[in-house]
Amino acid sequence: MLRKRENVKRTKQHQQFGLVPQGQYVTTKFPVLTYGSTQNIPTDAWQLRIFGMVENVVELDWEQFMAMPQAALTRDFHCVTQWSHLSNDWEGVLFRDVMNQAKPRPEARFVLVHCYGGYTTNLSLSVLLEEDVLFAHKHDGMALGADHGGPVRLVVPSRYGWKSAKWVNALELLGDNKPGFWERLGYHDNGDPWKEERFRFAKPPG
Ligand SMILES: Nc1nc2c(c(=O)[nH]1)N[C@H]1C(S)=C(S)[C@@H](COP(=O)(O)O)O[C@H]1N2
Ligand SMILES: [Mo]
């Protein structure tokens, strides 16, 4: 109960200063949100593959991934179910650095992100190339737990949480947009929380 009252107070303060998007409340918890089951992928079996409209198909194993330049950033996280968890410290490899190895072809405009377990989500390549998009393997100083998408998840700070794919396994570069798991069910292709782009339609279908 105390925690609840604190969260209400914190939410009001953040809203007052425009620090959380409309329709979000601030929580100090970091809820786990997974459709289906947690994937347990040992690092020695983990792989990241980039394919589709690229000059070079890239396949990185854990060692190659960890040998890349490491970046750290602190960002807020907004789930479309309305909780926001602020000031997450993420560490990992910048999306840009990984994508540079693949050399997207000029026709490549969209990316379908594939995860272990079958989850997918779509983003435009230009959003993913923003400077703070990261393949994260650490959260708040600790190895990213399997519940939160470890060994490696995508973090797309400028979009709702469902675009931050856990247990990321592959990126498919496409010329035409192809909706992912939630997007096929009515969630927004772009998903900017500051524009409240929750649903593809004004209301979810059905
Ligand atoms: N592979 C996979 N990634 C996923 C999900 C999922 O169900 N499967 N859920 C998404 C949703 S809706 C959110 S809000 C965040 C939640 O991340 P968390 O469980 O670390 O809080 O993960 C996203 N990434
Ligand atoms: Mo979410």
Side-chain angles (χ1 to χ4, degrees), residues 3 7 11 20-43 45-50 65 72-93 95 98 111-124 127-128 130 132-172 178-200 204:
R3 163 164 277 166
N7 282 341
T11 298
V20 282
Q22 277 296 321
Q24 297 297 116
Y25 70 90
V26 178
T27 178
T28 49
K29 286 187 286 186
F30 189 16
V32 170
L33 230 113
T34 304
Y35 183 89
S37 53
T38 295
Q39 303 296 305
N40 286 290
I41 314 298
T43 52
W46 179 84
Q47 191 197 47
L48 181 65
R49 181 176 155 83
I50 307 178
F65 173 75
L73 47 89
T74 302
R75 287 294 184 279
D76 300 339
F77 191 94
H78 310 292
C79 173
V80 73
T81 63
Q82 298 192 289
W83 54 267
S84 290
H85 185 75
L86 307 181
S87 298
N88 300 276
D89 294 331
W90 300 108
E91 286 175 56
V93 178
F95 180 93
V98 175
V111 177
L112 189 61
V113 182
H114 298 265
C115 303
Y116 289 98
Y119 183 89
T120 54
T121 187
N122 59 304
L123 289 134
S124 69
V127 167
L128 286 168
E130 286 172 6
D132 59 357
V133 176
L134 192 76
F135 291 98
H137 58 77
K138 271 191 179 174
H139 178 259
D140 289 351
M142 300 207 302
L144 187 63
D147 280 353
H148 287 299
V152 181
R153 80 178 299 165
L154 188 63
V155 176
V156 188
S158 69
R159 295 299 182 266
Y160 281 120
W162 87 80
K163 304 277 189 188
S164 288
K166 305 196 280 191
W167 316 292
V168 60
N169 175 223
L171 308 172
E172 181 179 1
K178 195 169 168 185
F181 175 75
W182 284 119
E183 291 85 0
R184 278 199 297 273
L185 292 170
Y187 282 89
H188 205 281
D189 279 323
N190 194 43
D192 181 345
W194 296 98
K195 297 180 184 159
E196 278 204 82
E197 291 173 336
R198 298 174 189 275
F199 306 109
R200 175 185 304 272

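If you read the sequence from its start, that first residue is 1, and numbering goes on from there. One-based numbering, in listed order, for ligands and for the atoms of each. As the structure is a prediction and not an experimental result, all values here were calculated from the model.
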Distance col, row H85:NE2 vs T27:OG1, nearest 0.5 angstrom, shows 7.5 Å
Give the residue, atom name and distance (to 0.1 Å) of the protein heavy atom nearest atom 21 (O) of ligand 1. P31 O, 2.6 Å
Report yes if W167 has an N/O atom closer than 3.5 Å to an N/O atom of ligand 1; otherwise report no. no
Is it the case that ligand 1 has an N or O less than 3.5 angstrom from some N or O of W162? no
Tell me, which protein residue and heavy-atom name are nearest atom 3 (N) of ligand 1, and how many Å apart are they? K166 N, 2.9 Å
Residue part near ligand 1, for Y160, under 4.0 Å between non-hydrogen atoms: neither
W83 N/O to ligand 1 N/O under 3.5 Å: no
Check whether any side-chain N or O of W46 sits under 3.5 Å from a backbone N or O of V168 as a donor-acceptor pair, and report yes or no. yes
Contact atoms of ligand 1, heavy-atom distance to C115 under 4.0 Å: 1 (N)
Centroid separation F30 to H139 less than 6.0 Å: yes
Within the structure provided, determine whether P21 and H78 are in side-chain contact (heavy-atom separation under 4.5 Å). yes
If you compare all heavy atoms of A146 against all heavy atoms of W167, which two are closest, and at what distance to 0.1 Å? O-NE1, 2.9 Å
Among R153, H85, H78, H114, closest by heavy atom to atom 17 (O) of ligand 1 is R153
Any idea which protein heavy atom is nearest atom 24 (N) of ligand 1, and the distance to it? S164 O, 3.0 Å
Which segment of Y116 sits under 4.0 Å of ligand 1 when only heavy atoms are counted: neither
Any idea which of G117, G150, G149, G161 brings a heavy atom closest to atom 23 (C) of ligand 1? G161
Do me a favour and list the nearest non-hydrogen protein atom to atom 7 (O) of ligand 1 with residue, atom name and distance? Y35 N, 2.7 Å
Considering only heavy atoms from C-beta outward, does the side chain of L86 approach that of V20 to under 4.5 Å? yes
Atom 18 (P) of ligand 1: closest protein heavy atom, distance to 0.1 Å, is H148 ND1, 3.4 Å
Taking all non-hydrogen atoms of both residues, which atom of R198 and which atom of Y187 are closest, and how far apart? O-CD2, 3.2 Å
Polar contacts were defined as any N/O atom of the residue lying under 3.5 Å from an N/O atom of the ligand; does this apply to C79 and ligand 1? no
Student check: side-chain heavy atoms of L123 and F95 closer than 4.5 Å: no
Between K163 and D192, is there a donor-acceptor pair closer than 3.5 Å when you use the side chain of the first and the backbone of the second? no
N190 and R159: side chain donor to acceptor below 3.5 Å: yes
Should L33 be counted as touching ligand 1, given the test is an N or O pair under 3.5 Å? yes
